[in-house]
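So the structure is just underneath, and the comments pick up after that.
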Amino acid sequence: MMLLIAQPMAIRAKRLPLHRALGKVSYVVAAGVLLSMILLAHNRLQDLAPERYAIQTYVLYLQISLAALFGLSYGLALRTKRTTALHARFMVCTASYGLTNMVFLVLIYLERTTRAGRLVFPIMLAVFVIFQLPALLELTNAPIWQAFAAWFAALPIT
């Protein structure tokens, strides 16, 4: 995410060599992101209890599809690096989950001099991050969450 913010800022500041250097760093970062996504997806399937297999295969699909979308977006961004409008848009597409948080950061920056209501976006960014933490830290596998999920699934609402 920091590269996605820093590179356009370098362009805007007319620091093309910095933009290109960060672009070269992104080769390593993008490869690391893809490798991490695939290894994590594989690791989550190891020694899986039969009752969790169906759920985990769904999560596996999400992980693999997100890795594919990230790789496709990044590859297309590299392929179109000489066409600024396309390159920039494909790079934005690599953001996936971080896009919501990035929008909040942009809004926080744009409203930095506003007096009324300027705390809304920083507070909501914190709330969004807090709500994302259970998924990011795999806390959805905790017994309390599993109990809640079982209770919710048993509700006769659909």
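By convention here, the first residue in the shown sequence is residue 1. For the numbers below, each heavy atom of this structure counts, side chains included, while hydrogens, waters and symmetry mates do not.
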Considering non-hydrogen atoms only, spot the tightest contact between A30 and F70 and give its length. O-CE2, 3.7 Å

When every non-hydrogen atom of S73 is compared with those of T94, the smallest separation belongs to CB-CG2, 3.6 Å

Which distance, rounded to the nearest 0.5 Å, do you find between the CD of E111 and the CG of L119? 10.5 Å

With the 4.5 Å side-chain cut-off for hydrophobic clustering, are L125 and M1 part of the same group? yes

Distance check, rounded to the nearest 0.5 Å: I108 atom CD1 versus I123 atom CD1? 10.0 Å

Measure up the F148 and W151 rings against each other and bin them: parallel (under 30°), tilted (30 to 60°), perpendicular (over 60°). tilted

Do the rings of F104 and F121 sit parallel, tilted or perpendicular, given the 30° and 60° boundaries? tilted

Would you mind writing out the side-chain donor-acceptor pairs for residues 8-24 within the sub-3.5 Å range, not counting sequence neighbours?
| unit_1 | atom_1 | unit_2 | atom_2 | d |
| --- | --- | --- | --- | --- |
| H19 | ND1 | Q7 | O | 3.2 |

Ignoring hydrogens and angles, tell me if any N or O in the side chain of R89 forms a donor-acceptor pair with the backbone of L86 under 3.5 Å. no

In one Ile/Leu/Val/Met/Phe/Trp/Tyr side-chain cluster, 4.5 Å: L34, L69: no

Gap between atom CD1 of I5 and atom OH of Y109 - 0.5 Å precision: 12.0 Å

Quick one: CG on L72 to CZ on R79, what's the gap to the nearest 0.5 Å? 11.5 Å

Within one Ile-Leu-Val-Met-Phe-Trp-Tyr cluster: V33 and F90, side-chain cutoff 4.5 Å: no

Indicate, with yes or no, if M124 and L110 share a hydrophobic cluster defined by side-chain heavy-atom contacts under 4.5 Å among Ile, Leu, Val, Met, Phe, Trp and Tyr. no

Do V129 and L105 sit in one hydrophobic cluster, given that two such residues count as connected whenever their side-chain heavy atoms are within less than 4.5 Å of each other, even indirectly? yes

Between the NE2 atom in H87 and the CG atom in L76, the distance rounded to the nearest 0.5 Å is 11.5 Å

